Each structure stands twice: as structure tokens, then as C-alpha cells.
Amino acid sequence: MNILTKKQINSIAYILIAIAVLASLYLAVQRINIERGYDQVQIIVNNSELFSLANANNLEVKELAQMLQEKGVTGVLVKEISLGDLVRTGQISFHQGGEVKLTSFGKKLSSQVPLSEANVIIAIHNKALENQLVQHLTHKLAGIEYYPGEISVLTVPVNLPNSDGELKVIYDDLKDLGVGFDIERLTELADLGMQIVPQVRDWPHPSLESLDFMVEEVKKIPNLSILMFNDEQVPGNPDKLAYLANLLTDSQGKVLAPMGIVEFFDQKGINKFAVLLNKETVRVHSISLNEMKTYTPQTAIDRWELAVKERNIRTLFVRFFGMNEPAVALETNLTYLEQLKLTLEDNGYNIGRVKQIDSPLYSRIIVGLIGLGVIAGGVLLLMQKNWRLLAIILGPLGALIWAAILYLDPLFARKLMALASVIVFPTLAFLVVMREKERTLLESVLSLLRLSLISLIGALLMVGLLADKLFMLKLDQFAGVKIAHIIPLGLIPVLIFLFDGDPITNVKKLLDKFISYKVAFLAGVVLAAAVIYVLRTGNVDTNLVLGIEQKMRDALQNILGVRPRTKEFLIGHPFTLLILYYGLTRKNWVLILPAIIGQVSLVNTYAHIHTPLLISLVRSFNGLWLGIIFGIALIVAWKAILRVSEKLKIKHDDFRV
């Protein structure tokens with residue numbers, strides 16, 4: 001007895017997909033409006049470079065700060081002072097045990113100072129810093145003792161070093177310790193209207209008391225803009241992050257300052273900490289000192305522009321050019337900053353204090369409906385192969401599992417279903433659109449658009465599932481990028497060819513075939529191409545991008561404003577058009593692989609949730625129309641090859657696609 005007919009199953013699936021699409025559109029429109037209103041960009045410079053540039057050009061800090069503000073600078077990044085900074089400037093000195101008595105100031109020490117070789121003695125030469133040093137170091141180092149005197153010292157117990165190398169390691173570790181900020185200097189900058197961005201250093205084994213102390217010190221910083229951390233992990237990571245977040249949040253849930261997260265700097269605990277701070281986060285971009293050597297002001301501006309437009313970066317930490325000779329670097333940097341400001345304003349951004357991005361309003365019910373749309377897509381996929389019983393069983397079962405996971409772990413459920421969405425719908429698109437019969441050129445173009453539209457339903461559902469500032473700020477991200485690129489490459493050909501008719505018979509025929517050298521060679525080429533393809537998915541190492549390709553990318557970016565994906569317009573869409581034009585057969589099945597790559601790339605463009613949605617839409621549009629042009633050119637070229645082969649009386653059956 002038939003429980004449900006094919007028509008009834010398909011109708012239910014279409015209704016669920018339609019509901020999911022409407023729910024996703026609702027969230028997508030919210031996201032677009034939020035991203036369009038998120039238009040404040042903050043430009044900050046390095047505090048030490050600011051003072052160095054002022055000194056080298058005989059300017060008061062106030063004068064230079066005002067000049068920089070006119071060029072768009074809104075604030076300064078200030079690293080926490082380290083013991084190493086104070087050693088370099090002669091304000092403190094390090095000594096091992098009794099050697100301190102041999103110094104010129106040895107007689108000025110308290111007679112109570114223990115001279116054990118297992119102590120590092122920190123002599124304080126700047127009395128104005130004494131209280132600050134004592135407060136910070138007694139909170140951050142266990143076992144430290146303070147001995148006031150004409151020259152006051154702090155003793156730090158260490159493991160007795162057995163060599164100069166071991167002693168150097170001990171000194172280097174101590175030099176990394178932070179001892180607060182020059183509040184007087186920061187107040188001077190704040191009074192000029194500069195926003196202050198402190199970068200707090202980590203210390204060994206932070207206690208609850210030391211975290212309390214650190215937060216109280218940060219609260220003294222005037223005109224605080226965003227809070228950043230300097231080292232490889234957030235102080236208190238991993239077990240004290242919640243405690244630290246609570247210290248930085250008041251009873252109403254308002255944070256002392258948003259968390260600044262530096263792009264491409266993998267700080268341990270930073271994303272979790274930002275979530276604990278109610279996702280109050282600002283994405284920061286910088287160009288490292290080593291990279292600055294390879295940049296000009298114009299190429300740097302291009303990089304800043306791309307970061308702001310395409311990755312939701314809202315704080316730019318700008319280093320100055322030519323600081324090896326600061327006396328001649330002033331005009332270059334004033335011009336550079338002014339041009340950066342004008343470029344950002346021309347793109348519709350405002351220069352000023354950053355504001356927080358909002359999150360689209362969603363509920364578990366809306367997310368649940370979108371997930372049902374993905375499951376419905378899977379049911380349609382099964383029905384394309386006439387697996388009705390399997391669809392009747394797996395559809396409801398999938399819905400029950402989805403509901404359970406969504407209830408138990410909503411975040412994991414959303415990420416899992418987002419991954420399923422970008423696999424299911426491109427696969428469904430190929431099963432619906434591909435056929436053996438040849439098409440006209442117009443029919444081929446329309447079929448490519450239809451294929452892409454079905455794939456994009458998967459992208460839209462993913463956008464709905466991940467519509468949250470958590471993903472927009474890259475505190476979390478789409479999971480399974482490489483899986484989403486690889487699975488369709490195997491799944492789609494298997495469903496089209498091996499499960500066409502009797503799958504067991506097809507598999508037996510395949511296994512019984514003899515493998516020629518030609519087939520083995522082609523298999524090797526395909527395998528090598530697959531390896532390169534996988535390596536180039538996700539965040540691609542620049543070493544894998546050829547120089548000529550980078551020039552092409554830059555040219556497309558300059559001409560079109562938003563660069564399309566190379567995999568789409570140069571590979572995927574042209575080969576898709578070719579195979580649609582000639583029809584997909586068992587002879588030309590290999591051409592389906594680049595076609596799959598194009599569709600997978602199309603939907604995975606939207607997995608970059610930190611990229612504004614309108615940018616992704618423009619990228620896809622540019623990829624499609626350029627891909628159609630290249631596809632038409634490929635068809636014309638293929639026809640020319642066939643004509644030449646006929647004239648040369650070469651049997652071309654094996655060459656036809």
C-alpha cells in the first residue's frame with residue numbers, strides 16, 4: 001500500500017523549502033540592513049611611533065596629534081609598558097644575587113636585601129615608577145619581595161641558572177612582564193580627543209586577585225575605546241575567562257570596552273572571551289612590520305580598503321612608513337593617512353569611534369523551519385533517483401534528529417545543517433538539470449542559471465542558519481569548508497552514473513573494465529588537480545597563488561569593484577555551459593568535475609559570513625556573467641577543434657563532449 005505518492009512527497013518538500021526560503025530571506029534582509037548601517041571606521045596609530053615622529057620633527061605631541069586627527073586618525077594603540085622597556089631606558093636594571101653589590105649603587109641598597117644566587121634582583125632607578133612597579137609585580141609574580149631604600153629593589157626567586165644561557169632565558173621572560181601604562185601621557189592624548197586602545201600583556205598563572213588588579217588598572221585609562229591583549233593568549237585562559245569577563249561587565253550587562261580582535265592573529269581564548277563579553281567585539285586589521293617593507297602607501301591603502309569592504313574590519317591599526325628615518329617621514333605619512341581617509345569616505349564609510357554591530361533577530365523556531373527546508377531538499381534529492389521508500393523513512397527521521405540536536409546544542413545544530421545545505425542543494429541541482437540531450441546555446445545559458453539558482457537556495461538557507469553577529473564578526477564560523485568542497489565531487493558523479501538504472505550492475509561493469517595507460521594517466525591528472533583544489537580552498541596561502549594570477553585578481557578587483565572567484569568564471573561555469581550544450585554522457589563524464597567545482601564555489605562564497613552579504617551577491621553575479629562569456633568562447637573553440645579534426649580526417653568521436 002502506498003503511504004504517499006511521489007507527487008505528494010514532492011509537494012510537501014516544495015512547501016517546506018518555500019517556508020525555509022522565506023524565513024532565510026527575512027534574516028538575510030535584516031543582515032543586509034545591519035551591514036549597511038555598520039559604517040564607522042576607526043584609524044589608530046602606534047603610540048611610540050607618534051612620539052618618535054613628533055620628536056624627530058621638533059613638534060609638540062599636541063601639534064602632531066592635531067595634524068593626524070585632521071588626516072583621519074582617531075586614536076592611538078598603547079602597548080602596556082614592559083620590564084624590558086624599562087631596562088632599555090635605564091629606569092630599572094636586572095642583577096643576579098650578590099653581583100648587585102658590585103654595582104656603582106650597591107651601597108645604596110637596603111642591608112636586608114637577600115643576595116642569594118637564586119634571586120633575580122630588580123633595581124629601581126626611577127623613583128616615580130616605584131609604586132607602580134611594586135603594585136604590578138607583587139600581583140603578577142609569586143614569591144616577590146620588596147626592599148625600599150635609596151635604591152629600592154624587588155627580589156624574584158628563580159631556579160638557580162647553571163649557565164649564562166639559562167640566565168638570559170630567565171631575564172627574557174621577566175622582560176616580557178607588563179607593569180601598566182603611563183596614565184599621565186595617555187591623559188594628555190585623551191585631552192586632545194584621541195581615543196585610547198590599550199594592549200594588555202599576559203603574565204604567568206594569573207590569580208583572581210591579579211585579574212581584579214589588572215581590570216582596576218584598565219579602568220583608570222581615559223577615553224577608552226576598545227580593549228586588546230598583546231600576547232598569544234588572553235590572561236586567565238582557559239579557566240578564568242568567565243571571571244575576567246564578569247569583571248569587565250556591569251550589572252546591566254554593559255561592557256567596560258568592546259574587545260578588539262586582530263585579524264589573522266590566533267590568540268588563544270580570544271573568541272570565547274568575546275562571546276562572554278556579549279559579543280561586543282571589533283575586528284582589527286594591521287600590516288606587520290615585516291610586511292610593511294614590501295608595501296607602498298598605495299598598495300597599503302588597497303589592502304585597508306579590501307579589509308573594510310569585504311571582511312567587516314572596523315579598526316585599522318596603521319603603522320607609519322619610513323620610521324627608520326622619522327625626520328623625513330612626516331609628509332609621506334600625512335599624505336598616506338589623508339588618502340586612506342578619502343578612500344574610505346568615497347566607499348561610504350565614516351571615520352570615528354566604532355560602534356557595535358547588531359545581530360539579526362531570530363528564534364529557534366525560525367532556525368528549525370530553515371533546517372526542515374534543508375531536509376526537504378534531501379528528500380527531493382532521493383526522489384530524483386525514485387527512492388520513494390527511503391525518502392518516506394529518512395525525511396521524518398531527519399526532522400526528529402534535527403529537532404533533538406537543535407534543542408540540545410543549537411549552535412552545533414546550525415553549523416551542521418549549514419554544511420548539509422551547501423552539499424544537498426548543489427547535488428540536487430545537477431540531478432535536476434543535467435541530461436544527455438544536446439541543448440541550444442540559449443537553452444544552455446538558461447540551464448546554467450537554473451542550475452545556479454537551485455544551488456543558491458542552499459546558500460540562502462545557510463545564510464539564514466548562520467544569521468548571527470557571532471558569525472558576522474568571525475567569533476565562530478562555518479564548519480567543514482573542505483568537506484563541502486570534496487563530498488559533491490564524489491557524490492554527484494556516483495548518483496548520476498552508478499545509480500542510473502541498476503547500480504549493482506553498473507558497479508560490476510566498472511570493476512570488470514580494464515584500465516588502460518591513458519585512463520591511468522588521466523586519473524593521475526585528476527588526482528593531482530583534486531589535491532591542488534583542496535589545498536586552495538578556505539584561506540589560501542599566498543604561496544599557492546601564482547604571480548600572474550595575483551595580477552589578474554588585482555585587475556578584476558580594480559575594474560569590477562568586487563572580484564569574482566577564479567574557480568567559477570574561469571573553470572566552473574565555462575565547463576558547465578560546455579557540458580550543458582553537448583549533453584552529459586558516459587564518454588564525457590569527467591567534464592562534470594569542473595562543473596561541480598563551479599557550483600560548490602558559488603554556494604561556499606556565502607559561507608564567509610563576515611563578508612557583507614551584498615558583496616557576496618555581487619561576487620556571484622560577476623562570476624556568472626563572466627563565466628557565461630568564457631563558456632561561450634569555450635564552446636566556439638571546441639567547435640573549431642572538431643572542425644579541424646574532421647578536415648584532418650581524424651576520428652573525433654573520442655574528442656566530442
Side-chain angles (χ1 to χ4, degrees), residues 1-24 27 362-432 454-467 478-481 483-496 498-504 507 600 603-604 607:
M1 182 177 72
N2 292 335
I3 301 173
L4 289 171
T5 65
K6 179 177 181 179
K7 184 177 180 181
Q8 288 171 328
I9 294 171
N10 286 344
S11 296
I12 293 170
Y14 291 143
I15 291 170
L16 289 175
I17 291 172
I19 293 171
V21 165
L22 290 174
S24 295
L27 294 173
Y362 64 90
S363 68
R364 201 172 295 193
I365 293 174
I366 292 176
V367 172
L369 290 173
I370 297 172
L372 290 179
V374 179
I375 293 168
V379 168
L380 287 181
L381 194 156
L382 295 173
M383 294 304 293
Q384 283 293 314
K385 304 306 296 182
N386 292 314
W387 295 339
R388 188 168 61 88
L389 182 59
L390 202 57
I392 291 172
I393 295 172
L394 293 183
L397 181 61
L400 288 173
I401 294 172
W402 164 239
I405 299 175
L406 186 61
Y407 175 76
L408 295 171
D409 191 342
L411 182 59
F412 172 73
R414 291 161 68 187
K415 293 165 70 173
L416 182 65
M417 195 56 79
L419 175 60
S421 182
V422 298
I423 293 173
V424 166
F425 281 91
T427 304
L428 176 63
F430 276 91
L431 295 183
V432 170
I454 297 172
S455 295
L456 283 171
I457 292 174
L460 176 60
L461 300 192
M462 174 181 62
V463 166
L465 288 162
L466 304 183
F478 173 79
V481 173
I483 293 174
H485 280 77
I486 295 170
I487 287 180
L489 283 174
L491 181 61
I492 293 172
V494 165
L495 289 175
I496 289 177
L498 292 185
F499 287 95
D500 181 24
D502 182 1
I504 297 176
V507 170
V600 169
V603 295
N604 277 274

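Just so it is clear, the structure is predicted and the values come from calculations on it, not from any experiment.
To the nearest 0.5 Å, the span separating CD1 on I9 from CZ on R388 amounts to 5.5 Å. The CG atom of L382 sits 10.0 Å away from the CG atom of L428 when rounded to the nearest 0.5 Å. Taking OG from S11 and CG from L4, the interatomic distance works out to 10.0 Å, rounded to the nearest 0.5 Å. Separation of atoms CG (L460) and CZ (F425) is listed at 9.5 Å; rounding is to 0.5 Å. Distance check, rounded to the nearest 0.5 Å: CG of L390 to NZ of K385 gives 13.0 Å. Summarising the geometry, atom CG belonging to L495 is positioned 7.0 Å from atom OG1 belonging to T427; distances are rounded to the nearest 0.5 Å.
Taking 4.5 Å as the limit, every side-chain heavy atom of V603 sits out of range of all side-chain heavy atoms of M462. The closest side-chain heavy-atom distance from V600 to I486 is not below 4.5 Å. Side-chain contact between L380 and V424 is absent, with no heavy atoms from C-beta onward closer than 4.5 Å. The shortest side-chain heavy-atom distance between K6 and N386 falls under the 4.5 Å cut-off. Residues L431 and I496 form a side-chain contact, since some pair of their non-hydrogen atoms from C-beta on lies under 4.5 Å apart. Within the 4.5 Å cutoff, no side-chain heavy atoms of F478 are placed close to those of R414. Contact annotation: the side chain of V374 approaches that of S421 to within less than 4.5 Å [non-hydrogen atoms, C-beta and beyond].
For Q8 (side chain) and T5 (main-chain N/O), a donor-acceptor pair under 3.5 Å exists by modelled atom type. Of the possible polar contacts, none joining the W402 side chain to the I375 backbone as a donor-acceptor pair under 3.5 Å is found. The backbone N or O of A607 sits nowhere less than 3.5 Å from a side-chain atom of N604 that would complete a donor-acceptor pair.
For L400, the CG atom sits in a packed shell: over 12 heavy atoms of surrounding residues, nucleotides or ligands are nearer than 6.0 Å.
When all heavy atoms of V422 and G458 are compared, the pair lying nearest together is CG1-O, 4.3 Å. Of all the heavy atoms in L372 and A399, the pair that sits closest is CD2-CB, 3.7 Å. Of all heavy-atom pairs between A484 and I423, the closest is CA-CG1, 4.2 Å. Listed here is the closest heavy atom pair of G373 and A20: CA-CB, 3.6 Å. Annotation for A376 and A13: closest pair CB-O, 3.5 Å, computed over non-hydrogen atoms. Closest approach of G464 to S24, counting heavy atoms only: CA-OG, 3.9 Å.
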